[in-house]
Amino acid sequence: MELLKNKILQDGQVIGGNVLKVDSFLNHQIDVQLFNEIGKEFKERFKHKEVTKILTIEASGIGIACIAAQYFNVPVVFAKKQQGSNMDKDNFQVEVFSFTKNKSYNVSVSKKYISSEDKILIIDDFLANANAASGLIDIVNQGEAEVVGVGIVIEKGFQNGRKFIEEKNVQLESLAIIESMEKNNIIFKN
Ligand code: 5GP
């Protein structure tokens with residue numbers, strides 16, 4: 001997606017530990033017009049799939065998922081992050097390792113919001129090693145629903161995430177795939 005790639009080149013900052021900072025349009029300040037184009041593009045990439053719900057993870061996935069959901073006409077459910085001791089029997093839960101925070105945390109979704117009839121599109125801002133996306137797939141599986149795909153805004157193609165998602169036979173669509181990145185030099189794959 002050219003518009004997104006240009007925005008990354010213009011405003012993205014590569015910081016230590018393989019992290020791309022995109023706070024000015026994606027993770028802190030939000031470029032709503034860009035999100036609108038991202039939403040349309042996700043709809044285009046998954047136009048042949050029946051989707052009943054979009055699932056994401058708080059916080060950064062929520063805005064992207066909500067705008068995309070307007071094109072799919074479905075509700076958004078976001079997995080909540082919470083402390084490990086705070087277990088609730090009415091939740092689907094999974095432990096996720098955070099790439100940016102370098103620690104594990106539990107995420108949960110109320111059993112009320114995923115049912116066996118659901119066909120779920122998972123959306124997130126980044127794909128690194130697929131811990132977040134795999135955790136969300138696990139939650140969908142706990143609910144005996146179907147994962148129809150994973151939509152990612154920025155995939156870091158030099159990390160292992162794609163391999164893990166494709167091993168699960170799930171359609172993965174990333175709107176920008178970074179092949180390599182160094183300070184002032186970001187190279188895209190697609
Ligand atoms: P994964 O779970 O695939 O290893 O990492 C994806 C999650 O970590 C995303 O939900 C995102 O919040 C965060 N993340 C991973 N890499 C980056 C990055 O380079 N920049 C930012 N801003 N977030 C990242």
Side-chain angles (χ1 to χ4, degrees), residues 1 4-31 34-35 38-39 42 54-69 76-82 84 92-109 120-141 147 149-168 170-190:
M1 186 181 166
L4 172 64
K5 288 195 275 184
N6 288 337
K7 192 76 177 169
I8 294 168
L9 290 176
Q10 195 186 306
D11 292 344
Q13 282 175 277
V14 180
I15 55 174
N18 279 340
V19 172
L20 177 66
K21 200 164 165 9
V22 284
D23 276 24
S24 67
F25 63 94
L26 193 75
N27 292 133
H28 194 12
Q29 177 170 256
I30 289 176
D31 182 333
L34 176 67
F35 273 34
I38 286 171
F42 279 135
I54 292 179
L55 176 66
T56 189
I57 186 162
E58 67 178 357
S60 298
I62 298 175
I64 303 157
C66 285
I67 292 196
V76 171
V77 178
F78 63 93
K80 295 191 171 206
K81 297 174 179 170
Q82 59 181 31
F92 301 120
Q93 293 219 4
V94 72
E95 193 180 74
V96 169
F97 179 79
S98 167
F99 179 77
T100 43
K101 298 196 177 72
N102 200 25
K103 62 168 192 180
S104 292
Y105 55 92
N106 281 312
V107 301
S108 64
V109 172
I120 295 185
L121 174 62
I122 292 169
I123 281 185
D124 202 8
D125 57 346
F126 273 90
L127 184 72
N129 294 313
N131 290 297
S134 299
L136 294 176
I137 290 172
D138 190 325
I139 281 180
V140 175
N141 290 338
V147 180
V150 174
I152 297 289
V153 179
I154 304 173
E155 173 183 340
K156 289 181 293 175
F158 51 88
Q159 294 182 281
N160 289 322
R162 175 166 288 271
K163 179 171 141 264
F164 293 125
I165 304 300
E166 288 181 344
E167 274 172 5
K168 296 177 203 287
V170 170
Q171 181 184 348
L172 170 63
E173 294 290 339
S174 302
L175 306 189
I177 304 179
I178 296 174
E179 190 171 82
S180 66
M181 61 184 206
E182 284 161 29
K183 212 170 188 294
N184 301 326
N185 190 19
I186 298 174
I187 295 168
F188 294 101
K189 205 171 195 165
N190 51 350

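Because the structure is a prediction, the values reported are computed rather than measured. In listed order, ligands and their atoms are each counted from 1. Just so you know, these numbers use all the heavy atoms, side chains as well, and skip hydrogens, waters and symmetry mates.
Under the 4.0 angstrom criterion for non-hydrogen atoms, Ala130 is in contact with ligand 1.
Of all protein heavy atoms, the one closest to atom 21 (C) of ligand 1 is Phe126 CE1, 3.3 Å. The protein heavy atom nearest to atom 10 (O) of ligand 1 is Asp124 OD2, 2.8 Å. Nearest protein heavy-atom neighbour of atom 20 (N) of ligand 1: Leu20 O, 2.7 Å. Phe99 CD2, 3.4 Å is the protein heavy atom nearest to atom 15 (C) of ligand 1. At the shortest separation from atom 4 (O) of ligand 1 among protein heavy atoms lies Asn129 N, 2.8 Å. Nearest non-hydrogen protein atom to atom 16 (N) of ligand 1 is Lys156 NZ, 2.8 Å. In terms of protein heavy-atom proximity, atom 2 (O) of ligand 1 is closest to Ala132 N, 2.8 Å.
Listed by number with element, the atoms of ligand 1 under 4.0 Å from a non-hydrogen atom of Ala128 are 1 (P), 3 (O), 4 (O), 5 (O), 15 (C), 16 (N). Close approach of ligand 1 to Asn131 (heavy-atom distance below 4.0 Å) involves ligand atoms 1 (P), 2 (O), 3 (O), 4 (O). Atoms of ligand 1 found under 4.0 Å from any heavy atom of Val19 (numbered from 1 in listed order, with element): 18 (C), 19 (O), 20 (N). Numbered from 1 in the order shown, with element, the atoms of ligand 1 that lie under 4.0 Å from a heavy atom of Leu127 read 3 (O). Residue Asn18 approaches ligand 1 through these ligand atoms, each under 4.0 Å from one of its heavy atoms: 19 (O).
The distance from atom CD1 of Ile165 to atom CD1 of Ile137, rounded to the nearest 0.5 Å, is 4.0 Å. One distance of note links CG of Asp125 with OG1 of Thr56; it measures 7.5 Å at 0.5 Å rounding. Here CD1 of Ile30 is found 7.5 Å from CD1 of Ile64. Values are rounded to the nearest 0.5 Å. Taking CG of Asn129 as the start and CZ of Phe99 as the end, the distance is 6.0 Å to the nearest 0.5 Å. Between the CG atom of Asn131 and the CZ atom of Phe164 there is a distance of 8.0 Å, given to the nearest 0.5 Å.
Side-chain N/O atoms of Gln159 and Lys156 include a donor and acceptor closer than 3.5 Å.
Partners of Ile187 by side chain to side chain contact (heavy atoms under 4.5 Å, CB included), not counting sequence neighbours, listed by chain and number: Glu179, Ser180, Asn185.
Nearest residue to atom 14 (N) of ligand 1 from Val22, Thr100, Asn27 is Thr100 (criterion: closest heavy atom).
Judged purely by atom type and a 3.5 angstrom limit, Glu58 uses its side chain to pair as donor or acceptor with the backbone of Lys81.
Smallest separation of non-hydrogen atoms from Phe126 and Leu20: CZ-O, 3.6 Å. The minimum heavy-atom distance between Ala133 and Val150, with the atom names listed, is CB-CG1, 4.4 Å.
Among the atoms of Asp125, some N or O lies under 3.5 angstrom from an N or O of ligand 1.
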